[in-house]
Amino acid sequence: MSDYSTVLPHIVVVTTGSAGDLFPFLRLGLGLRERGHAVTVLAPLMHEALVRQAGLAFHPLPADPAVLEDPDLWHPRRGFGVVWRAMRPGMEAMQAFVAALPREQPCVLLVHPLAVAHADLCRADRPGLQIVAGYLAPSNLRTVHDLPVLGPFPIPGWMPLKVRRWLWNMVEATAINPVVVPELNAARKAQGRAPIASYMDEMYGAPDLSVTLFPEWFGARQPDWPAPLLCADFPLYDPHPHASIAPALLQFMRAGSAPIIVTHGTANLHAARFFASALAAAERLGRRIVFLTAHRAQVPASLPPTAFWQDYCPLAALLPDAAALVHHGGIGTTAVALRAGTPQLVVPMAYDQFDNGARVAALHAGLTLKAERATTRTLADALQRLLQSPEIHVGCAAVKERMAGGGALDGVMDVISKTVSKTGKI
């Protein structure tokens, strides 16, 4: 293995964001290490323990945890700006790390979509640097074809492509380009490079290879997606694959009917109202409920005997005995629930969550309810429909069977490894 690592390209994995952003790249990093590559993960400092637990080399990227306190983080329009400003120091650290790597060993950057533009800036210090972009969810990729929603807004199937294209251009012109393009162009000017007009065009054009980290049955390849493109599968990763359910939680699970599991992502510190409404909805329906969140203060202080709070439990262990999962629509949580065949009520707030929820509904594996509409009454009504729907029961079973058949992830990692290893170029 050590001899190969001096010949094969060094894979530098760069990701940002929450654990949901990290886990897919850990799965890819482990797979590429198994194929002989040296792998180093660059991620926010808060993820160091998870990366080292996986057995991969780690280099910290500075990140301000105070960003989690910003309520705009989960705003459907302003959230992108919050994320971009928070990740800027980390991207500068990535450039310094890449510039310091040994010149004699080929290097490939395997990056989160938000890191693509800064990865391209690394080429000024390392000409010939190769970039592989991993797209976590279909909505990470701009398209005018398969477009169930654009942000929180549904796009009717009859809408002409010209109008869809105009809508995308408006989103870029008002919410994306003003945030990032001036900064990127200042850096490009310092490198003597031409300016860019569109962040999305840069994100598409810079990578030497793009990979979808979801299966085609969840988000089919579109004619206006970047090329070359490999379509993979959900790179599911469990940091605690052999963890058992905590005894107190296990006792609660066995003490009555299958409960509803409620979570709203590891990074959400603004879910108190949502959790309170979920508890009231469960009580209205006479249902038992389990809250999964590391932040106990968000859960109602006094819980009835029919409710339980747990800071962490692997969803894969919990979902087989659950009646339903209520969650934010993060792609990792969505994929785990699809694999378990658990009915989902997706309550999206921002980013890819709206699109993921729309795709779950299209598969008849769940329902969606926008976060701003998630009151006690609307949650209770949606859960009642979810739990009583024969169509959703059948849809969940069909998706579970499809995922049990395996996917294309191992084959795609073989292709990536062989391709980048030919001469260190793609």
Side-chain angles (χ1 to χ4, degrees), residues 11-18 21-22 24-25 28 41-44 59 61-64 67 77-101 107-143 168-169 171-213 224-229 350-352 426:
I11 307 294
V12 178
V13 178
V14 185
T15 188
T16 186
S18 68
D21 297 277
L22 173 71
F25 286 98
L28 293 178
V41 177
L42 276 60
H59 183 81
L61 299 179
D64 183 2
V67 69
R77 292 184 300 277
R78 296 192 291 270
F80 177 78
V82 174
V83 170
W84 185 266
R85 289 187 292 272
M87 64 178 277
R88 184 187 299 126
M91 295 302 97
E92 293 171 354
M94 174 193 71
Q95 292 174 246
F97 177 87
V98 173
L101 290 173
C107 174
V108 174
L109 294 183
L110 171 58
V111 300
H112 187 287
L114 289 176
V116 167
H118 286 90
D120 186 40
L121 294 176
C122 294
R123 286 172 165 149
D125 294 310
R126 196 180 181 101
L129 177 71
Q130 304 300 301
I131 299 172
V132 178
Y135 294 95
L136 299 168
S139 66
N140 293 165
L141 292 151
R142 178 184 59 189
T143 181
W168 255 119
N169 290 339
V171 169
E172 289 190 57
T174 59
I176 299 177
N177 289 342
V179 175
V180 302
V181 168
E183 174 190 329
L184 291 175
N185 280 341
R188 291 173 69 89
K189 182 177 180 180
Q191 295 177 347
R193 300 170 69 181
I196 62 171
S198 164
Y199 170 72
M200 298 295 288
D201 287 348
E202 168 71 1
M203 191 171 73
Y204 269 21
D208 301 279
L209 177 66
S210 296
V211 183
T212 67
L213 302 181
D224 51 355
W225 280 1
L229 178 75
Y351 313 116
D352 61 328
I426 297 173

- Message: Nearest 0.5 Å, please: how far is CG in L141 from OG in S210?
- Response: 7.5 Å
- Item | Name of the residue among L110, V111, V14 meeting side-chain contact (heavy atoms from CB on, under 4.5 Å) with I131 | V111
- By side chain to side chain donor-acceptor pair (under 3.5 Å), R142 pairs with (sequence neighbours left out) E172, D201
- Message: As a test of understanding, state which of V211, T212, L209 forms a side-chain contact (heavy atoms from CB on, under 4.5 Å) with L229.
- Response: T212
- Note on the structure: Heavy-atom closest pair (A93 atom, P62 atom, distance to 0.1 Å) is CB-CD, 3.6 Å
- Whether R188 side chain and R193 backbone form a donor-acceptor pair below 3.5 Å: no
- Under the salt bridge (charged side-chain N to carboxylate O under 4.0 Å, His left out) rule, collect the residues that match up with R126, sequence neighbours excluded. none
- Query: Just by distance, do the side chain of N185 and the backbone of I196 share a donor-acceptor pair under 3.5 Å?
  - Reply: yes
- Item | side-chain contact (heavy atoms from CB on, under 4.5 Å) evaluation trace for L109 with V98 | CA-CA 9 Å; L109 294 183; V98 173; 3.8 Å; yes
- Measure across L129 and A119 and return the closest heavy-atom pair with its distance rounded to 0.1 Å. CD2-O, 3.9 Å
- Beyond-backbone contact of Q130 with C107, side-chain heavy atoms, under 4.5 angstrom: no
- When the ring planes of Y135 and Y204 are compared, do they come out parallel, tilted or perpendicular, using 30° and 60° as the limits? perpendicular
- Taking all non-hydrogen atoms of both residues into account, name the closest pair between G134 and F25 and its distance. O-CZ, 3.6 Å
- Query: In a check of side-chain contact (heavy atoms from CB on, under 4.5 Å) between D21 and each of T16, L136, L114, which one passes?
  - Reply: L136
- Message: To check you understand the geometry: which heavy-atom pair defines the closest contact between P178 and A173, and what is its length?
- Response: CG-O, 3.2 Å
- Query: Quick check: does any side chain N or O of D120 sit under 3.5 Å from a backbone N or O of A206, one acting as donor and the other as acceptor?
  - Reply: no
- Message: Looking at every non-hydrogen atom in both residues, tell me the closest pair between R123 and D208 and how far apart they are.
- Response: NH2-OD2, 2.7 Å
- Item | With E183 via salt bridge (charged side-chain N to carboxylate O under 4.0 Å, His left out) - residues at least two apart | R88
- Heavy-atom closest pair, residues V116 and E202: CG1-O, 4.2 Å
- Value for CE (M87) from CG (L61), rounded to nearest 0.5 Å, stands at 9.0 Å
- Starting from the C-alpha separation in whole Å, work towards a yes-or-no answer on side-chain contact (heavy atoms from CB on, under 4.5 Å) for V171 and I176. CA-CA 7 Å; V171 169; I176 299 177; 4.2 Å; yes
- Task: Sequence neighbours left out, what passes side chain to side chain donor-acceptor pair (under 3.5 Å) with D224? Give chain and number order.
- Result: T143
- Excluding sequence neighbours, so at least two apart, what forms side chain to side chain donor-acceptor pair (under 3.5 Å) with N177? none
- Is a side-chain donor or acceptor of Q95 paired with a backbone partner of L121 at a separation under 3.5 angstrom? no
- Can you list every ring pair (Phe, Tyr, Trp, His ring centres under 6.0 Å) pair that touches residues 108-131, not counting sequence neighbours? W84-H118
